[in-house]
Amino acid sequence: MYSVTCKWNGWLKWGSLSVGILLLAACGNEQDASSGDAPGKEAQMPADEFRYGGADVLRVALLRPRRQPDVDGRLREWNQAFQVRLVLSDPSVWGPLVRLYLGEELIPEYGGWESGIYFWVYDPAHLERLNGRTISLQLESRQPQEVGRLELKPASELILIPEQELLRDQQS
């Protein structure tokens with residue numbers, strides 16, 4: 001068994017075995033005393049490990065405005081945003097070696113939550129463009145694996161929740 005500690009983007013991340021498998025190449029590894037495996041042994045995750053269980057989107061009133069580009073690339077100030085949550089059967093698949101695509105668009109930044117991964121969208125027009133696209137996950141240098149299709153409610157049908165409520169829920 002390997003234990004992995006990796007620091008990236010200023011945050012210290014502790015990896016369980018399943019996350020450690022994804023982080024070995026990027027962060028290095030250390031051999032656990034209870035394991036007979038040699039250090040540097042390459043760990044492989046079968047391509048069929050990614051199982052998609054649906055998506056949800058939250059419309060969030062932000063505590064303070066954020067400057068992000070709109071769909072045309074113009075920098076704008078947003079008072080609300082959309083948190084798109086993808087449910088995965090093994091939520092530990094997120095990490096620096098896993099790329100998330102919606103259609104052909106790479107989602108460059110996303111985070112993990114107890115049931116999968118999430119990312120933020122600021123422009124409602126961008127959210128509409130993403131809706132209906134295929135969701136693909138790519139491990140290391142392998143071909144992206146299609147895991148499902150993003151099906152979301154229209155932004156106009158979503159209830160606005162305060163960001164502090166979302167933060168409180170994530171801390172509990």
Side-chain angles (χ1 to χ4, degrees), residues 4 6 8-9 11 13-27 42-62 66-74 76 78 80-161 163 165-167 169-170:
V4 177
C6 175
W8 73 92
N9 291 338
W11 295 94
K13 303 280 183 174
W14 291 93
S16 65
L17 176 60
S18 53
V19 174
I21 290 171
L22 296 174
L23 298 175
L24 284 174
C27 304
E42 216 173 292
Q44 297 290 326
M45 176 181 278
D48 63 0
E49 284 296 310
F50 302 123
R51 288 184 186 81
Y52 176 63
D56 194 19
V57 62
L58 303 173
R59 187 173 142 212
V60 181
L62 301 172
R66 303 223 174 84
R67 295 183 56 80
Q68 294 290 327
D70 63 15
V71 291
D72 298 321
R74 292 184 305 254
R76 292 189 44 193
W78 303 98
Q80 61 180 314
F82 303 92
Q83 187 182 72
V84 180
R85 295 178 173 192
L86 306 179
V87 178
L88 299 171
S89 61
D90 183 1
S92 62
V93 299
W94 66 280
L97 300 179
V98 178
R99 291 183 190 90
L100 170 64
Y101 292 91
L102 292 175
E104 298 294 317
E105 183 177 341
L106 173 66
I107 304 299
E109 186 177 317
Y110 61 89
W113 63 296
E114 63 194 22
S115 297
I117 57 178
Y118 69 90
F119 60 94
W120 289 93
V121 175
Y122 292 90
D123 190 340
H126 189 206
L127 186 68
E128 294 298 322
R129 283 187 188 178
L130 295 175
N131 200 12
R133 289 190 181 177
T134 58
I135 300 165
S136 300
L137 296 168
Q138 181 183 21
L139 178 62
E140 297 176 339
S141 61
R142 297 183 190 158
Q143 287 295 103
Q145 177 197 346
E146 187 176 314
V147 295
R149 184 169 297 280
L150 187 64
E151 301 292 339
L152 302 171
K153 290 181 182 179
S156 60
E157 294 180 18
L158 299 172
I159 297 170
L160 187 64
I161 63 169
E163 185 176 19
E165 183 179 316
L166 179 66
L167 295 171
D169 290 345
Q170 289 175 348

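Predicted, not measured: the structure shown is a model, and the values here were computed from it.
Inter-residue side-chain proximity for F82 and L130 is flagged as unmet; no heavy-atom pair is nearer than 4.5 Å. The closest side-chain heavy-atom distance from L100 to L106 is not below 4.5 Å.
When all heavy atoms of R85 and W113 are compared, the pair lying nearest together is CB-CZ2, 3.7 Å. The two residues V147 and Y52 have their closest heavy-atom pair at O-CB, 3.1 Å. Among all heavy-atom pairs drawn from R142 and Q138, the shortest one is O-NE2, 2.5 Å. In this structure, E146 and S136 approach most closely via the heavy-atom pair CA-OG, 3.7 Å. Shortest non-hydrogen contact noted between L152 and A55 is CD2-CB, 4.0 Å. In plain terms, the two heavy atoms of L160 and V60 that are nearest each other are CD1-C, 3.7 Å.
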Practice problem: Show your working on side-chain contact (heavy atoms from CB on, under 4.5 Å) between D123 and W78 and close with a plain yes or no. | Solution: CA-CA 8 Å; D123 190 340; W78 303 98; 3.6 Å; yes
Exercise. Carefully, step by step, assess V84 and L86 under the rule side-chain contact (heavy atoms from CB on, under 4.5 Å).
Key: CA-CA 7 Å; V84 180; L86 306 179; 4.2 Å; yes
Quiz item: Step by step, would you call L88 with L137 a side-chain contact (heavy atoms from CB on, under 4.5 Å)?
Solution: CA-CA 11 Å; L88 299 171; L137 296 168; 4.2 Å; yes
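The closest donor-acceptor contact from the side chain of D70 to the backbone of D72 lies under 3.5 Å. A donor-acceptor pair is defined here as one N or O able to donate and one able to accept, closer than 3.5 Å; such a pair exists between the side chain of R149 and the backbone of G132.
Atom CD1 in I161 sits 4.5 Å away from atom CG in L58 (nearest 0.5 Å). To the nearest 0.5 angstrom, L150 atom CG is 5.5 Å from N131 atom CG. The CD1 atom of I135 lies 14.5 Å from the OH atom of Y101; values are rounded to the nearest 0.5 Å. Distance check, rounded to the nearest 0.5 Å: OH of Y110 to CZ of R99 gives 9.5 Å.
Checking E105 against H126 by side-chain atom types alone, a donor-acceptor pair falls below 3.5 Å.
Around CD of E109, the count of heavy atoms belonging to other residues, nucleotides or ligands within 6.0 Å does not exceed 12.
Taking the six-membered ring where the residue is Trp, Y122 and W120 present parallel rings, their angle staying beneath 30° rather than reaching 60°.
When each of R66, E163, R59 is tested with Q80 by the rule side-chain hydrogen bond (donor to acceptor under 3.5 Å, both in side chains), just one qualifies, namely R59.
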